[in-house]
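Positions are given from 1, in the same order as the sequence printed here.
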Amino acid sequence: ALRQFCMRQVSPFPVWSAIRHVLTRDTLVLLYLAVVVTEALVYSLPLLDPGTLTAFGASPFQIPFVTTAALGGFYGLGRVQDTEERIFWRNLAYACVFWLATLVAIALVPAAQWRWIDDVWVDAAYLFFYSPILFAAECKPHLAGIGPKRDVERQLRWAGVTILVFGWFLYFVVAPAIADPSLFGTMLPSSLLFVTVDAAIVIRFVWRAVSSGSTRWRVLYGAIALAGVSLLATDALDALEGLRWYALPDGARTDLLWAFAPFFLLLAFRLREADLPRGEEAAAGER
């Protein structure tokens, strides 16, 4: 009992020490923060005309952030020894790659040439970003030696995620557009789709953090859950704009809100190699 009490007393210190070290010493995190400062200056100083700044904030603004997160995902991935954990991080890294590819595709199409079908393709492309995150949520890297049936169980869970995401796409985007073609020109269906997926990500990773029984994985899962919360907040703003209730101005400093989600993903990637407590707590295992 005394040993457990001591562990509870000392465990928060190395956690916050590791987080502080990553925030102040890690090269990729510092690079990310430097990009944030640079783009904040772009918005604050009259460096670009309003029209260019508005177009800049639509997609190219996010590209440096997501690129840095993707680099963090793959950097050091080969040093992960456990197969389940490597699959977990690889899914999150490829999610950033799909996100980056979608942003680049959006940036390459001039606004004057944008068609309604492009909105549908973008929604589908974003699901390639979301799906690997949900795949990662169905991995259990916090459990060691859970038996040979783990791979089969994971594949079944991934099949379920694929069916669920495809069903959501049909329900929120395709079916409403068929019923009312005017919805093709609005952002409401896709916003409701993404809000639903965001909520699923938050719920899954919060549950993983609560039930993992590991201080290290509680921190890592928590960082990814915060990325989901950031995505949920920004997609909720898009949904409010689709409902014509509230709209943030394009090309303003509020565009920095879209930098939080890739930052928390990058933070999770870099904390992966941090000196976090790896032992299980008194209530070991998974609830």
>> Please check if the number of heavy atoms outside Arg25 that lie under 6.0 Å from its CZ is greater than 12.
In response: no
>> Does atom OH (Tyr94) have a neighbourhood of more than 12 heavy atoms from anything else shown, all under 6.0 Å?
In response: no
>> Let's go through Phe61 and Tyr43 carefully: what are the C-alpha distance in whole Å and the side-chain angles of both, what is the deciding distance for ring pair (Phe, Tyr, Trp, His ring centres under 6.0 Å) to 0.1 Å, and is it a yes or a no?
In response: CA-CA 11 Å; Phe61 163 82; Tyr43 281 105; 5.6 Å; yes
>> How long is the straight-line distance from CZ of Arg204 back to CD1 of Ile133, given to the nearest 0.5 Å?
In response: 14.0 Å
> In the hydrophobic clustering (ILVMFWY, side-chain contacts below 4.5 Å, transitive), which residues join Val195, or is it alone?
Replying inline: Leu232
>> Would you compute the distance between atom CZ of Phe74 and atom CZ of Phe269 and round it to the nearest 0.5 angstrom?
In response: 8.0 Å
>> Once rounded to the nearest 0.5 Å, what's the spacing between atom CH2 of Trp16 and atom CG of Leu23?
In response: 9.5 Å
> Same hydrophobic cluster for Val161 and Tyr171, using side-chain heavy-atom links shorter than 4.5 Å among ILVMFWY?
Replying inline: yes
> Do the two ring centres, one from Trp217 and one from Phe88, sit under 6.0 Å apart?
Replying inline: yes
>> Could you measure the distance from the OH atom of Tyr126 to the CG atom of Asp235? Nearest 0.5 Å is fine.
In response: 9.0 Å
>> Holding to salt bridge (Lys or Arg N to Asp or Glu O under 4.0 Å), I want the full list of residues that pass it with Glu85, two or more places apart in sequence or in another chain.
In response: Arg216
>> Quick check: closest heavy atoms across Trp158 and Cys139, and the distance to 0.1 Å?
In response: CZ2-SG, 3.9 Å
> According to the salt bridge (charged side-chain N to carboxylate O under 4.0 Å, His left out) rule, which pairs have a member within residues 26-38, sequence neighbours left out?
Replying inline: Asp26-Arg270
